[in-house]
Each structure stands twice: as structure tokens, then as C-alpha cells.
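Shown next, in C-alpha cells, is the structure this report addresses.
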Amino acid sequence: MIDIRLLRSEPELVKAAMARRMKPALLGELEHAESLDARLREITTERDSIRAQVNGLSKDVATMRRTKDDSGAEALMAKSRSLGETEKKLASEYDEASSALREVLLLIPNLPHPQVSDGNNDKDNKVVKGPLQMPKEFAKHQRVPHWETGTALGILDNERATKISGSMFTMQRGLGATMARALCQLALDRNADAFEEIRPPSLVLTSTLTATGQLPKFADDAFAIERDDLWCIPTAEVPLTSLHASETLNAQDLPLRYMAHTSCFRREAGSAGRDTRGMLRTHEFDKVEILAVTTAQQAPEMLIELTNRVEATIAALGLPYRVLEICTGDLGQSHHRSFDIEVYAPGCDQWLEVSSISWFSDYQARRADIRCKHAGAKGSEIAHTLNASALAVPRVWAAILENFRQPDGSVVIPEVLQPYMRGAKVISAKS
RNA sequence: GGAGAGGUGCCAGAGCGGCCGAAUGGGGCGCCCUGCUAAGGCGUUGUCCGGGUAAACCGGACCGUGGGUUCAAAUCCCACCCUCUCCGCCA
């Protein structure tokens, strides 16, 4: 959520920043929020003053009871009763207005960081680094899509995955399965110096999925377990962000850094037919997420740190990659500023987004009610959250198959993964 | 899933429908005492929202959550959630 007090005090500034997202309907939502907020404060003031009167009368009643002034007490009680009627009406108006305001606020996206460049959509994202580790030319044997190589090597069995679970599910076997797990282990080990490993639940409450911004707007993108009112997590960002929901943290303990390897479940509604062939877009995949809770001051530096960490892992795998900064028109709802890391896959001739490194400013933390308190300071402020995919398995797995495919059809396993591969250095077809 | 017990401030723990934002103890912070430490003495110590330029201050809300009764609820009633113990089931 954006800060309603900022909208209240600097409406023009908020509107100007929001206009950069290139979604004209947003301005209407902002104005709606402004008027609901004004109305809410009117009601609050009135309701509170009635409550103050009732509280005062109740005290007087107590005094009169003690002095046995029963008729006086009766008179005050009657007066208080009628005030109570008014209070009741105001209270229900308050509930109405405040839930209406909350509803609107939950739909309003985050303000883009001033340095984010303007753009309409993903085509306007700028490459800020790279391409790096890009060969001058790709050989013909690298121009084979991973689904062909994977199937030929017996390490990818999407046909049977579909038999078991339907379309858009994937299954790795043998060294393919081992490599999927190796990638996760690598990503965890590379960040274990600073990040605490968490094994969070995969099913979460509605409130948890609301905190990170997936709900209420993007309910169709998530798998729901309706009978039990639970949701499958689309990313470990969801449980990790809510780890400290409703808590006030000591600023001196920040930043907090967590990492988690989880399955991620996505309905991929609205992307039917896109990237359905291999494992570029699936309903379930494994990912290692790194996440930080910081003060506002620490956040910019953390964004750089997360980006560097993700980049270093991709670089260590030897894959061709580049870094993009996401423009205002492509920035996710909760995002304040984001970078994407893309890996080139010569077989399907595509740049694949393998990581998104994002700073959410206080947007998610306000929804989750994560505060931080500076020692000696009065009151508290909303914390900042940032996260990144340290490594998302399927696309990296696919890029490895395509980049490191040899003329004989085998695939060389990147050296950094070999320690996790039980001695294997190459994946060859079983004779 | 069944039976029972319980959820109060940083922690422990008391709380009669009004004088309870909440006793008492511990902890923290400040001052005093003290060569240092320990012990001791005194004081202080919650959060959120609205108003106030800010501080002072004023008003409201908060005793697991949500409803209800009442002039007035931590206290009474109802529902739910969570924790603990026992039983059942289970990796």
C-alpha cells in the first residue's frame, strides 16, 4: 500500500509519480482514495467526539451511583443512550468507509523510484549491463531447443509429467533431476554467508498472499485450495515477507536476510499458448529466493547487493547474460524499482528472464505491518523489503542444455555444479 | 478428530462491570549512593489513529480475533483462532 498520508499531503506529487506508470485509470483511483480518506476522517472526528462524551457521562454515572444520586444517574444514562444511537450509526459509516478505502488502496500500485526510466511496456526496458559471456557466434549444435536435447538424453520427461498432472507441468529425470537440485544447492551455498536459510510453508493464508501484493488483484494467477481457505505460494517471497508481519523490529537488527528453496506454483492464467513447449513456463517450478528486510536508508545499497549476488551466480555458471532495468510501464504492482537478469538460450533463440531483483520500498511492509524502531527514537516507521530470485531452476536448466550442448549431443555440466552432481561432468545419452 | 486447561504490557503474573492503560515482581532507561563491582534508594518506562507547524498537550482505540449485552466490558454472553496436556491417528 502507498502511504495515505503522503497522498493526503502531497496529492499532486503522488499523481505525477503514478502517471509515469502509463495507466490513466490510476488517477481516478487515487482521487477516489483521497475522497474516501477525507470522508473517513470526518466520520472519525465526529465518532470520537461522541465517544468522548459517552465516556465522560459514564464516569459521571459512576460518581453519582457512589453518592446515591440515582435520579441524576438515570438522566445521564438516558442522555448517553441517545448518544449511543448516533455513535452506532457513525460506527457503521466508519466501517463502510474504512473498508472501502482499504479496498481501493489495495489496488493502487507502488510509486516508481524517481530514477526508474519512463516507458510503456517491456520493450522499453533498458539493458544496463552486458551482454556478457556471449560467444562471438553460436555453433549449430547449440541451436537445439532444450526440450529436444532433454528428451533425447532421457533427462526430461514432459510427456509423462503431462500424463500425471496435465499440461504445463515438467519432470526431470536422472542427471536432469540431479542438476535441478544441484542448481538450488549452489544458489543456497553461494548466499549462505549472509542469508539465513528458511524452509517455509508452501500453503499460506489469504492475508499472507495479500501482504506481498498478489491479492486481491491477481487472484487468478494463484492456485487456491478453497476448501481450506489456503493458497499455494507463487514464490518464497510470499512466506518470507510475512515472516515478520505485525512485528516491530529494532532498526539495529536490520537488515534481516533470508533465503529459501521452495516449489513455486503459478496458474499462468492469461498466458495460454505462450512458451508451452519446454520448461520456460510451467505451473510448478523450483526456485531459491533471497530476501531482505531493511530500513529505508539501507534499501538502495541492498538492491545493489542482491543484484550483484544474482549476477555472480549466473556468471559462475558460464551462461551468456545481461541486466535490464525495468521501466515504469513494466514495473510490477508492488515494485518500486527492479532489475531483471536474462540469460540467452541459443536453442530457442530467446533471452530468458531468470531473475527479478526488486525493491518494494515500504509497499509490502505496510500491507504486512512490518515496522522498525530506531533506538531512542519515538514511534516507529514502516520497514522496506527487497527480494530476488537467487536462482530459478527451469530456465537456467534449459539455458545450460542449450549453451553447453556438444557436437555429439551430450551436455557439459558447468564446473560449479559438478560438486553437486555425484562426480558427473557430462550428461550423455544412455547407450 | 475427541476431552480438558489457558491466551493480559519487554518477561513473569494479579485483576471486584465503573476509581484499570491496567497491581506487583523482574528487565530496560535516568539519577543518587559507591574506590570498582555487587547490593541498595528514588524516579521513569507501551503501541496505533486523529487533531496540533512542532514540542507540550487534547481526543479516540488497543488485555488472542470478531460479534453481542450495558450509560459503562480486560472483567458478562456467543463464535472463531492459537497454545499446552491427555486420548486417537500418522511421516
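Residue numbers start from 1 in every chain, and the chains themselves are labelled A, B, ... in the order their sequence lines are given, proteins ahead of strands.
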Partner set under side-chain contact (heavy atoms from CB on, under 4.5 Å) for [X], not counting sequence neighbours:
X: A:Ser428; result: A:Ser410, A:Val426
X: A:Thr313; result: A:Leu186, A:Arg190, A:Leu391
X: A:Asp37; result: A:Ile4, A:Arg8, A:Arg41, A:Leu101

Distance, [atom1] atom - from [M] to [N], rounded to whole angstrom:
N: B:rG27; M: B:rA39; atom1: P; result: 8 Å
N: B:rU53; M: B:rG7; atom1: P; result: 45 Å
N: B:rC58; M: B:rC63; atom1: P; result: 23 Å
N: B:rG21; M: B:rC10; atom1: C1'; result: 16 Å
N: B:rA23; M: B:rA14; atom1: P; result: 14 Å
N: B:rA91; M: B:rG2; atom1: C1'; result: 22 Å

Can you sort out the partners of [X] under side-chain hydrogen bond (donor to acceptor under 3.5 Å, both in side chains), two or more places apart, ordered by chain and number?
X: A:Asp157; value: A:Arg160, A:Arg173
X: A:Gln115; value: A:Arg337
X: A:Gln364; value: A:Glu237, A:Thr385

Side-chain H-bond candidate by donor/acceptor type, A:Lys287 with A:Thr262, under 3.5 Å: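 Side-chain D/A pair, A:Lys287 to A:Thr262: absent.
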For a quick check under 3.5 Å, do A:Glu197 and A:Tyr258 share a side-chain donor-acceptor pair by atom type?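 Looking only at side-chain atoms, A:Tyr258 and A:Glu197 do not form any donor-acceptor pair under 3.5 Å.
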To the side chain of A:Arg65, which of B:rG50, B:rG18, B:rG60 is closest?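 Between B:rG50, B:rG18, B:rG60, the one nearest the side chain of A:Arg65 would be B:rG18.
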Counting side-chain heavy atoms from CB outward, which of B:rG18, B:rG50, B:rG60 is closest to A:Ser58?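 The listed nucleotide nearest to A:Ser58's side chain is B:rG18.
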List, with names and distances, any nitrogen or oxygen atoms from the protein found under 3.5 Å away from nitrogen or oxygen atoms belonging to nucleotides 74-83 of chain B.
none

Nearest whole Å is fine: how far is B:rG67 P from A:Lys88 NZ?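 In whole Å, B:rG67 P lies 13 Å from A:Lys88 NZ.
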How close or far is atom C1' of B:rC49 from atom CG of A:Asp48, stated in whole angstroms?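 Rounded to the whole Å, the gap is 8 Å.
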Can you pull out the residues from [range] that lie within a 4.0 Å heavy-atom distance of RNA chain B?
range: residues 2-16 of chain A; answer: A:Arg5, A:Arg8
range: residues 91-102 of chain A; answer: none
range: residues 75-85 of chain A; answer: A:Met77, A:Ser80, A:Arg81

Please work out whether the ring planes of A:Trp359 and A:His384 are parallel, tilted or perpendicular, with thresholds of 30° and 60°.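 The rings of A:Trp359 and A:His384 sit tilted, inter-plane angle from 30° to 60°.
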Determine the stems involving RNA chain B; a stem requires 3 or more consecutive pairs of the Watson-Crick or G-U wobble kind, each with both distances below 3.5 Å, and the answer is none if no such run exists.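 For RNA chain B the paired stretches long enough to count as stems (3 pairs minimum) are B:1-7 with B:81-87, B:10-12 with B:24-26, B:27-32 with B:40-45, B:46-51 with B:57-62, B:64-68 with B:76-80.
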May I ask you to say what A:Thr248 touches in the nucleic acid, namely base, sugar-phosphate or nothing, with a heavy-atom cut-off under 4.0 Å?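 The residue A:Thr248 makes no contact with any strand.
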Ring pair (Phe, Tyr, Trp, His ring centres under 6.0 Å) partners of residues 158-204 of chain A, not counting sequence neighbours, each pair once: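 As it turns out, the ring pair (Phe, Tyr, Trp, His ring centres under 6.0 Å) pairs with a partner in residues 158-204 of chain A, which skip direct neighbours, are A:Phe169-A:His283.
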If you compare all heavy atoms of A:Leu249 against all heavy atoms of A:Ile370, which two are closest, and at what distance to 0.1 Å?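 For A:Leu249 and A:Ile370, the tightest heavy-atom pair comes out as CD1-CG2, 3.8 Å.
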